Amino acid sequence: MRQHDKLFIGGEWVTPAGSGTIDVISPHTEEVVGRVPDGTAEDVDRAVAAAREAFDHGPWPRMTFAERAAVIGRLAEIYAERQGEMAALITEEMGSPITFSNLAQAPQPLGMLQYYAQYGATFEQEEQRPGVFGPVTVRREPVGVVAAVVPWNVPQFVTMTKVAPALLAGCAIVLKPAPETPLDAYVLADMAREAGVPAGVLNIVPAGREVSEHLVSHPGVDKVAFTGSTAAGRRIASICGEQLKRVSLELGGKSAAIVLDDADLASSMGMLAIASLMNNGQACVAQTRILASRNRYDEVVEAVVNMVNSQPVGDPADPATGIGPLVARRQQERVEGYIKIGMDEGAKVVVGGLERPHDRGWYVAPTVFANVTNDMRIAREEIFGPVLAVIPYEDEADAVRIANDSDYGLAGTVWTADTEHGMDVARQVRAGTYGVNCYMIETGAPFGGYKASGLGRELGPEGLAGYLEYKTIARLG
């Protein structure tokens, strides 16, 4: 078992203020695999104070972008050496299949470090522009102390969408990992210290919801960067609004995969399996509404069923596993509750249902519903599990209408033999990231959502901009 009894604050491993602990439980075995301190409000106060000292008086925000990029580059080199360890640890913590951990859970965070190290090497802090009355200097300065609050489903991916650009900007950070997955953050702390990130620039306090709210509302925090549920995002937005505090929110999704009549189902289903069932369905970008024309509806349903049946359900550490357990018992019960709701709403279970595939572990049978209408709860609410709804459409315009008929707008896909036509469809769907015959998140391009899927963008140059203040200096003479 991985046992930690300290918190990472001010560049040191320090004794927590309280005696509470957080047990990390394997979703596969239901056994305790790790234990960390349960951070308190006093620990948060100490972490924010360390971050404030580092930002207000330390060297980090006063270094050039190129100097900070060099440190991030060293961190990337260290991360690359340990990415296999990181992938295995995340699989152990939250049940992500090891194939997905090796594909995304560790490599994508590494890619973000590498991207911002390269981008920052030539990034200019000041830009000269011609003004009406004379030359104008536009200066980019770090926003200050950042509270980064991250979820459990892709813990290092989400952490790095915040930490990498915040570091490059010159900010100091208090990272609050989810209580389900704090172990990977401890590895990151060791790597950051080895890379030469100055004391107080990165501080880590695992804790629950009440302490998270204390961090978000802390007067020493200049910006909150949050990924999680839309309900929690609304609460955080209200707190930040009251304090006029900068905030970025990456929230939920209910993304639609539009299968056009010319799509080759045999080739599409391989990619759609990743897009719709990645990370055991625990992904905000998962394509869980599959839209099929009435002309090919039965054929698409059959193809989706075969695709789901081709994903072995079992031990997430086994490379043969396609779908592992959900992160916690409450999540298992939540997803099963939605399966029951779908049945009660009149949708037809064509594979899966309420019978659990394993007696031990927080497993849910991957489930496909047919005869779904877009007004059903299983089509409108984020389930966050391996549950897919196949929805019929009349024509392409109707498919776009259904895709847009959602409170969310995070992601989407279209599947077609004509990629140029697929681009036309992509332009009509109100979603922040979109794929034609695929779904992927590009490190160098903005990621985020429309509507209830959040505020702001992460990744790419736009992700860095969220951690900068822009100062205009005009002069005469």
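Keep in mind it's a predicted model, so treat the numbers as computed, not measured.
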**Message:** Please enumerate all residues that pass ring-ring contact (aromatic ring centres under 6.0 Å, His included) together with Tyr79, with sequence neighbours excluded.
**Reply:**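 None.
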Closest approach of [X] to [Y] (non-hydrogen atoms, all atoms of both residues):
X	Y	answer
Arg139	Glu126	NH1-OE2, 2.7 Å
Ile339	Ala365	CD1-O, 4.4 Å
Asn203	Gly200	ND2-O, 2.8 Å
Met307	Leu388	CE-CD1, 4.2 Å
Pro109	Ala106	CD-O, 3.1 Å
Leu175	Val150	CD1-CG1, 4.0 Å

Could you check if a side-chain atom of [X] sits within less than 4.5 angstrom of a side-chain atom of [Y], using non-hydrogen atoms only?
X	Y	result
Pro61	Cys171	no
Glu250	Arg457	no
Arg356	Gln332	yes
Met160	Gln108	no
Val187	Leu89	yes
Val221	Val174	no
Leu459	Thr161	yes
Tyr408	Cys284	no

Any donor-acceptor pair under 3.5 Å from [X] side chain to [Y] backbone:
X	Y	value
Lys245	His218	yes
Arg35	His4	no
Arg193	Gly11	yes
Asn153	Ser96	no
Glu30	Gly361	yes
Asp38	Ala207	no
Thr40	Asp43	yes
Gln287	Val285	yes
Asp222	Val145	yes
Asn279	Gly281	no

Working to the nearest 0.5 Å, report the span between [atom1] of [X] and [atom2] of [Y].
X	Y	atom1	atom2	result
Gln428	Ile258	CD	CD1	8.5 Å
Gln331	Ile383	CD	CD1	10.5 Å
Leu188	Leu113	CG	CG	8.0 Å
Ile90	Phe100	CD1	CZ	10.0 Å
Ile78	Asp190	CD1	CG	10.0 Å
Gln114	Ile72	CD	CD1	12.0 Å

**Prompt:** Run the salt bridge (charged side-chain N to carboxylate O under 4.0 Å, His left out) check on Glu336 and Arg334 step by step: do they pass?
**Reply:** CA-CA 6 Å; Glu336 289 177 341; Arg334 168 188 166 86; over 6 Å; no
**Request:** Would you please test Arg74 and Glu194 for salt bridge (charged side-chain N to carboxylate O under 4.0 Å, His left out) and show each step?
**Result:** CA-CA 9 Å; Arg74 288 197 293 273; Glu194 183 181 349; over 6 Å; no
**Asked** Does a side chain donor of either Lys162 or Thr227 reach within less than 3.5 Å of an acceptor in the other side chain?
**Response**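 There is such a pair (donor and acceptor under 3.5 Å, judged by atom type) between the side chains of Lys162 and Thr227.
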**Item:** Donor on one side chain, acceptor on other, Glu31 and Ser26, under 3.5 Å
**Value:**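 Judged by distance alone, the side chains do not pair up.
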**Message:** Please confirm whether the ring centroid of Trp60 lies under 6.0 Å from the ring centroid of Phe55.
**Reply:** no
**Message:** Centre-to-centre under 6.0 Å for Phe157 and Trp152, is that the case here?
**Reply:** no
**Prompt:** What do you reckon, is CD of Gln118 surrounded by more than 12 foreign heavy atoms closer than 6.0 Å?
**Reply:** no
**Item:** Sidechain N-carboxylate O distance under 4.0 Å for Lys6, Glu12
**Value:** no
**Item:** Set of residues satisfying salt bridge (charged side-chain N to carboxylate O under 4.0 Å, His left out) with respect to Glu93, sequence neighbours excluded
**Value:** none
**Prompt:** What do the steps show when you test Tyr434 against Val414 for side chain to side chain contact (heavy atoms under 4.5 Å, CB included), and what is the final call?
**Reply:** CA-CA 8 Å; Tyr434 209 84; Val414 61; 3.9 Å; yes
**Request:** Report yes or no: is the cationic atom of Lys223 (NZ for Lys, CZ for Arg) under 6.0 Å from the centre of the six-membered ring of Tyr467, at an angle within 45° of the ring normal?
**Result:** yes
**Prompt:** Could you go step by step and tell me if Leu468 and Glu141 meet the side chain to side chain contact (heavy atoms under 4.5 Å, CB included) rule?
**Reply:** CA-CA 5 Å; Leu468 297 172; Glu141 299 180 350; over 6 Å; no
**Plane angle bin for Phe8 and Trp13 - parallel if under 30°, tilted between 30 and 60°, otherwise perpendicular** = tilted
**Plane angle bin for Tyr119 and Tyr115 - parallel if under 30°, tilted between 30 and 60°, otherwise perpendicular** = parallel
**Request:** Please step through side chain to side chain contact (heavy atoms under 4.5 Å, CB included) for the pair Val387 and Thr288, ending with a clear verdict.
**Result:** CA-CA 7 Å; Val387 179; Thr288 55; over 6 Å; no
Quick one: side chains of residues 437-450, donor-acceptor pairs under 3.5 Å with protein atoms, not counting sequence neighbours, listed by atom name and distance.
from   : atom 1 : to     : atom 2 : distance (Å)
Asn437 : OD1    : Thr416 : N      : 2.8
Asn437 : ND2    : Thr416 : O      : 2.9
Tyr439 : OH     : Thr433 : OG1    : 2.6

**Asked** Which is it for Arg2 and Glu92 under the salt bridge (charged side-chain N to carboxylate O under 4.0 Å, His left out) test, yes or no, and what are the steps along the way?
**Response** CA-CA 11 Å; Arg2 301 171 187 267; Glu92 184 178 28; 3.2 Å; yes
**Item:** Residues Gln282, Met94; criterion side chain to side chain contact (heavy atoms under 4.5 Å, CB included); working and verdict
**Value:** CA-CA 10 Å; Gln282 298 171 128; Met94 58 75 56; 3.7 Å; yes
**Message:** I'd like to know whether Arg235 forms a salt bridge (charged side-chain N to carboxylate O under 4.0 Å, His left out) with Glu213, so could you lay out the CA-CA distance, the side-chain angles of the two residues, the decisive distance to 0.1 Å, and finally the verdict.
**Reply:** CA-CA 9 Å; Arg235 173 61 182 160; Glu213 185 155 330; 2.5 Å; yes
